[in-house]
There are 2 protein chains.
Amino acid sequence: MARKPGSRAEITGPKLRETALRLFARDGYAAVSMRQIAAEVGVQAGALYLYTADKQSLLFDAMSDHMEALLAAWRAEAPKGDARDRLEHFARFHIRFHAARADAVFIAYMELRNLTPENFARIGALRSCYEAELESILRAGQDEGTLTVPDTKLATMALIAMLTGVNTWFREGGRLSRDRVEDIYVDMVLNAAGARV
Amino acid sequence: MARKPGSRAEITGPKLRETALRLFARDGYAAVSMRQIAAEVGVQAGALYLYTADKQSLLFDAMSDHMEALLAAWRAEAPKGDARDRLEHFARFHIRFHAARADAVFIAYMELRNLTPENFARIGALRSCYEAELESILRAGQDEGTLTVPDTKLATMALIAMLTGVNTWFREGGRLSRDRVEDIYVDMVLNAAGARV
DNA sequence: ATTTTCACTGAACGCCCGTTCAATTCAAGC
DNA sequence: GCTTGAATTGAACGGGCGTTCAGTGAAAAT
């Protein structure tokens, strides 16, 4: 993958981040060396440091960008209506968004351990924001009487775990289309949250 | 943690496996060196190879033992009755068993990547056996009419993800007792599986 | 045509890795 | 007290790690 002599490699920050994301997702942060990333980009290892402070930043930026994008995308959809509808909307959004970014999702869940304590706290804060979005729907549903959950905090964790779990087995082109998977999960989510039929 | 001069360290296979399990869970397989494990056991690195073939075996044995114990424990409980009761039993068993072995569970979910392909397939087979236990309950419930799930395969994945998610946040001595958490999750699981009220 | 700029190389730094094995140490059997 | 044999050490092997930086060479500016 060495670049042709006589031409610049023209590596860029974005390309480096994409490559690192892909390799981290495939082999794990600890198992991927800066030399491997560099080879994949078509450059020597030392050149990477023109585009990133260090290896840790590659991981943190990937996770941070993903979580920020997740929050921004959800807020942009800004669902209206009663809590039952908003919950359905959330479930469909979550499955759709996560299915489209399997690599980033995988990293965001598996590589938390490899963040420095400070970076870990930052990612944790972003995740809490996202969870708070779901919890506010459940609380609203409780108040309205459209949803009945035994404990909004636990229901939040339970539903997110259930929805995120889709990423461990869903593959485009499998037995069920993504739309069909959405429908099935919406059904289970609404039932779990005690939506009135 | 060096052993006292003049006395044998008396390390044993079980003690080594326990230490490796603890360190792998805390820091990750890739981040733990054989020298660290040896130091924790109170021995030089070379001595570990009297008790394990290699580092990979420490990981595989930990995961394999955990999955075998999980299957054996579930089969020993051998619940009778209708599918609704068996599903409740399964949910309580899953939460209880997993809460008691947080380290092993964490490894079994996070370190699959670090298994050789052959070992990965073996662990995958054990996991499939466990999932099949839940799926057979859901199918029975569907046949009996005591449960209503849109798709037994997806419901299996969804419920296991939901139940296993408990391990990411549950800590003994927190806001809710384990029994209370069990009750709440049973409620959500039964609702998600369309149990008749 | 010359100078300047700067992306990039390639070698080096110090360190840690999993694993092996000859040498040593020590408890037990005689 | 001596021999035996197993448990353990400690050094070594070959290799890879993240990161730094003086030097290089091609493009851009003059």
Counting only side-chain heavy atoms from C-beta out, which of D:dT8, D:dG18, C:dT9 sits nearest to A:Lys55?
D:dG18

Checking contacts here: which listed nucleotide (C:dG18, C:dC8, C:dT19) is nearest the side-chain heavy atoms of A:Val43?
C:dC8

Rounded interatomic separation in angstrom, taking CG from B:Leu50 and P from C:dC21:
13 Å

Reading DNA chain D from 5' onward, which residue's closest nucleotide shows up sooner: A:Ala53 or A:Gln36?
A:Gln36

Flag for A:Asp61-A:Ser64: side-chain donor and acceptor within less than 3.5 Å
no

Nucleotide D:dT19, atom P - distance to CG of A:Leu48 in whole Å:
10 Å

So that I can tick it off, tell me whether B:Glu88 and B:Arg92 are bridged by a salt bridge, with the cut-off set at under 4.0 angstrom between side-chain N and carboxylate O.
yes

Report the nucleotide, chosen from C:dG10, D:dG18, D:dT8, that has the shortest atom-to-atom distance to any side-chain atom of A:Gln44.
C:dG10

Gap between atoms OH and P, on A:Tyr49 and D:dC17 respectively (whole Å):
11 Å

B:Tyr109 six-ring face occupied by B:Arg127 cation (under 6.0 Å, within 45°):
yes

Does D:dG18 have OP1 or OP2 under 4.0 Å away from a side-chain N or O of A:Tyr29?
no

With a non-hydrogen cut-off below 4.0 angstrom, is A:Gln56 in contact with a base, only sugar-phosphate, or nothing?
nothing

Roughly, in whole Å, what's the span from CG in A:Asn114 to P in D:dC17?
15 Å

Between C:dG18 atom P and B:Leu58 atom CG, what is the distance in whole Å?
10 Å

A:Met34, nearest nucleotide to its side chain (from C:dG18, D:dT9, D:dT19)
D:dT19

Any A:Ser33 side-chain nitrogen or oxygen under 4.0 Å from OP1 or OP2 of D:dC17:
yes

When you check the gap from the basic side-chain N to the acidic O, do A:Glu135 and A:Arg86 get nearer than 4.0 Å?
no

Nearest heavy-atom neighbours spanning A:Asp54 and A:Ser57:
OD1-OG, 2.8 Å

Hey, does the side-chain of A:Arg35 have a donor or acceptor N/O within less than 3.5 Å of a partner on the base of D:dG16?
no

Starting from C1' on D:dT8, measure out to CG on B:Leu16 and report it in whole angstrom.
14 Å

